[in-house]
Enquirer: 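This is the structure I want to talk about, given as structure tokens.
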Number of protein chains: 2
Amino acid sequence: MKQSDEGAGPAAPSRRKDARRNKETLLEAAAAVFVTSGVDAPVRDVASRAGVGLGTLYRHFPTRADLIIAVYRHQVEACAEAGPALLATAATPHSALRQWIDLFVDFLVTKHGLAAVLRSDQAGFGALHDYFLDRLLPVCAELLDSAVTAGEIRADIDALTLMRGVGNLCIGAESDPDYDARRLAGVLVDGLRRPD
Amino acid sequence: MKQSDEGAGPAAPSRRKDARRNKETLLEAAAAVFVTSGVDAPVRDVASRAGVGLGTLYRHFPTRADLIIAVYRHQVEACAEAGPALLATAATPHSALRQWIDLFVDFLVTKHGLAAVLRSDQAGFGALHDYFLDRLLPVCAELLDSAVTAGEIRADIDALTLMRGVGNLCIGAESDPDYDARRLAGVLVDGLRRPD
DNA sequence: CGACGATACGGAACACTGTTCCGTTTTGGC
DNA sequence: GCCAAAACGGAACAGTGTTCCGTATCGTCG
């Protein structure tokens, strides 16, 4: 309902060897191109780097967002799993929240243009936005709730607003050494503390 | 050196009546189109709404950024002038800073897509970015310095980082009622307070 | 081993941008 | 009224994402 391969299982790999190989090649090419040219790199660059035609790329990844999701899925999963872990090990819920936000910011800041495209309303990027939210919002909400329940922070900021805010703070951070998104995110999380 | 009409005086208006009229018409058309379709609206929409050709538009506003700057110049000026005024009337420098940030956020949030394009690295938008910074950064720096000097806030966030952060927080705020950029900016400014 | 249908491939073609260019039209001074 | 300078209009160019379909390849089945 949300995406092609989310509705009915893990999307059985093709029976054809060339198809499987091309998909793998495309993922590697995309990862390489994203590192050097950012996630906004022309689709043609990815296809040609992989040595395949545009049609092939689009069959495997119907939209640009699907390609980006596939490339970064592992890291998003890792970030999602880190939430509960931090909650268990950190001194306080607020500390866990702060550390988790740091993780999230580091992830975004090291992917050229990801934060920007994450927020984009451009057609076709909705899937990307949705994926991140589906996967990470519950994690953020749990951390936030814990901190609120512990009385450490104010209760008038919801998880969605916080995540979008932090994501927005990361936009452009990778291309400007004078802009310190990490510190800014830290200030934001500081600002959540109960005004008292 | 920076822009067409900034280097050598206020850019003498054309001696031809049709040229002056078209420029005015274009500004009105642009303002109208920006309100309904955002500042990302196709240039063609502005030209056709104004009833002129593309060539005419581009002669008056060599780049899209010039058009946007011209449309919002008044409001940017007003925001810039509000800085010293707030510093003089507010109870504390931090309060003045907060109120000024509120003004800035309100301005950005009410202009569809302005915050996004302000931050954009797209070719041709540098002028827009530079204009905002030239005009508002000194104002922000003064407010920030006053608050730091008064010992109200931490000193490790510079004006550029703060402005870009606040600008980023506003991205997408106009198209999502669940995202409260104003409140988030308030939290950020709260977070600037000396941790003590 | 040799068809043969399903599957996947490649890249030309399309739609939609911003921007440039230049032949044509309009204007204002003489 | 004439004419050079200025401005106009929109076709044409360049760079995107995306679609489409004729062709090539693969895996199976006889």
Side-chain angles (χ1 to χ4, degrees), chain A residues 3-5 11-27 29-30 33-34 37-69 113 116-117 120-128, chain B residues 3-5 11-27 29-30 33-34 37-71 113 116-117 120-128:
Chain A
Q3 279 160 241
S4 34
D5 52 317
S14 163
R15 277 126 204 83
R16 281 179 61 162
K17 190 167 291 180
D18 59 343
R20 289 193 301 271
R21 190 169 42 74
N22 274 331
K23 185 160 187 171
E24 194 54 34
T25 304
L26 275 166
L27 277 174
V33 169
F34 288 172
S37 308
V39 298
D40 289 321
V43 178
R44 281 167 177 76
D45 288 0
V46 175
S48 81
R49 152 79 95 132
V52 305
L54 278 170
T56 302
L57 188 156
Y58 272 94
R59 194 164 336 90
H60 288 299
F61 306 101
T63 174
R64 180 201 208 69
D66 294 319
L67 183 57
I68 299 175
I69 290 173
V117 89
S120 175
D121 288 336
Q122 304 278 2
F125 289 100
L128 184 57
Chain B
Q3 278 159 240
S4 33
D5 52 316
S14 162
R15 277 122 205 83
R16 283 180 60 162
K17 190 166 292 182
D18 59 342
R20 288 193 301 272
R21 189 169 42 74
N22 275 331
K23 185 159 187 172
E24 194 53 34
T25 304
L26 275 166
L27 278 174
V33 169
F34 288 173
S37 308
V39 298
D40 289 321
V43 179
R44 281 167 177 78
D45 288 0
V46 175
S48 82
R49 153 80 94 133
V52 305
L54 277 170
T56 302
L57 188 156
Y58 271 94
R59 194 162 340 87
H60 288 298
F61 307 100
T63 174
R64 180 201 207 68
D66 294 319
L67 182 58
I68 299 176
I69 291 173
V71 168
V117 90
S120 176
D121 288 335
Q122 304 277 2
F125 289 100
L128 184 58

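Residue numbers begin at 1 in each chain, while the letters A, B, ... track the order of the sequences. These values consider heavy atoms only, across backbone and side chains, with no hydrogens, waters or symmetry-generated copies.
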Enquirer: Strictly below 4.0 Å: does B:Ser14 bring a side-chain N or O up to OP1 or OP2 of D:dA7?
Expert: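 True: B:Ser14 side-chain N/O within range (under 4.0 Å) of D:dA7 OP1/OP2.
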Enquirer: Without decimals, in angstroms, what is the distance between B:Leu67 CG and C:dG18 C1'?
Expert: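 It is 13 Å, rounded to the nearest whole Å.
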Enquirer: Spell out protein contact along nucleotides 24-30 of chain C as letters: B when the base is contacted, S when just the sugar-phosphate is, - when no protein heavy atom is under 4.0 Å; keep the 5' to 3' order.
Expert: --BSS--
Enquirer: Round to a whole Å and report the spacing from CG of A:Leu57 to P of D:dC20.
Expert: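 The distance from CG of A:Leu57 to P of D:dC20 comes to 17 Å, rounded to the nearest Å.
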Enquirer: Let me know the distance between OH of B:Tyr58 and P of C:dT20, rounded to the nearest Å.
Expert: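 One finds 7 Å between P of C:dT20 and OH of B:Tyr58, rounded.
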Enquirer: Grab the two heavy atoms, one from B:Phe34 and one from B:Val46, that are nearest each other, plus how far apart they are.
Expert: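 Scanning both residues, the minimum pair turns out to be CE2-CG2, 4.4 Å.
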Enquirer: For B:Ala41, answer base if it contacts any base atom (sugar-phosphate contacts may also be present), sugar-phosphate if it contacts only those atoms, and nothing otherwise; contact means non-hydrogen atoms under 4.0 Å.
Expert: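 Answer is sugar-phosphate: B:Ala41 comes under 4.0 Å of backbone atoms only.
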Enquirer: For D:dA7, does OP1 or OP2 lie under 4.0 Å from any side-chain N or O of B:Arg59?
Expert: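 For D:dA7, OP1/OP2 do not have a side-chain N/O of B:Arg59 under 4.0 Å.
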Enquirer: Can you tell me how far the CZ atom of A:Arg49 sits from the CG atom of A:Leu57, to the nearest 0.5 Å?
Expert: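 Going from the CZ atom of A:Arg49 to the CG atom of A:Leu57 covers 13.5 Å.
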Enquirer: I'd like to know if the side chain of B:Arg64 and the backbone of B:Pro62 have a donor-acceptor N/O pair within less than 3.5 Å.
Expert: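 No; zero donor-acceptor contacts below 3.5 Å.
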Enquirer: In whole angstroms, how far is the P atom of D:dT16 from the CZ atom of A:Phe125?
Expert: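 Going from A:Phe125 (CZ) to D:dT16 (P), I get 14 Å.
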Enquirer: Check whether any side-chain heavy atom of A:Thr25 sits under 4.5 Å from a side-chain heavy atom of A:Val52, and report yes or no.
Expert: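 Contact flag for A:Thr25/A:Val52 side chains = no.
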Enquirer: For A:Phe61, which residues count as a side-chain contact (heavy atoms from CB on, under 4.5 Å) partner, sequence neighbours excluded?
Expert: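 A:Phe61: side-chain contact (heavy atoms from CB on, under 4.5 Å) contacts with A:Lys23, A:Leu26, A:Leu27, A:Asp66, A:Leu67, A:Ala70.
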Enquirer: Nearest-Å distance, CG (B:Asp40) to P (C:dG18)?
Expert: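 Result: 9 Å.
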Enquirer: What is the separation between atom CG on B:Asp45 and atom P on C:dC16, rounded to the nearest whole Å?
Expert: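 In whole Å, C:dC16 P and B:Asp45 CG are 12 Å from each other.
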Enquirer: Minimum heavy-atom separation for B:Ile69 to B:Ala127, with atom names?
Expert: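 Distance-wise, the nearest heavy atoms are CD1-O, 3.8 Å.
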Enquirer: What is the separation between atom CZ on A:Phe61 and atom C1' on C:dA8, rounded to the nearest whole Å?
Expert: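 After rounding, the reported distance stands at 14 Å.
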Enquirer: If the cut-off is 4.0 Å, is B:His60 near the phosphate of D:dC8, judged by side-chain N/O to OP1 or OP2?
Expert: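 Yes, within the criterion.
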Enquirer: Assign each of B:Asn22 and A:Arg44 to its nearest nucleotide of DNA chain D by heavy atoms, then name whichever residue's nucleotide is nearer the 5' end.
Expert: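 By nearest-heavy-atom nucleotide position, the 5'-most residue is B:Asn22.
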Enquirer: Just wondering, are more than 12 heavy atoms of other shown residues or ligands nearer than 6.0 Å to CZ in A:Arg15?
Expert: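 Open: at most 12 neighbouring heavy atoms sit under 6.0 Å from CZ of A:Arg15.
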Enquirer: Take A:Pro42 and A:Gly55, find for each the nucleotide of DNA chain D with the closest heavy atom, and name the residue whose nucleotide sits nearer the 5' end.
Expert: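 Counting from the 5' end, the first nearest nucleotide belongs to A:Pro42.
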Enquirer: Would you say B:Thr56 places a side-chain N or O within less than 4.0 Å of OP1 or OP2 belonging to D:dG9?
Expert: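 For D:dG9, OP1 or OP2 has a side-chain N or O of B:Thr56 closer than 4.0 Å.
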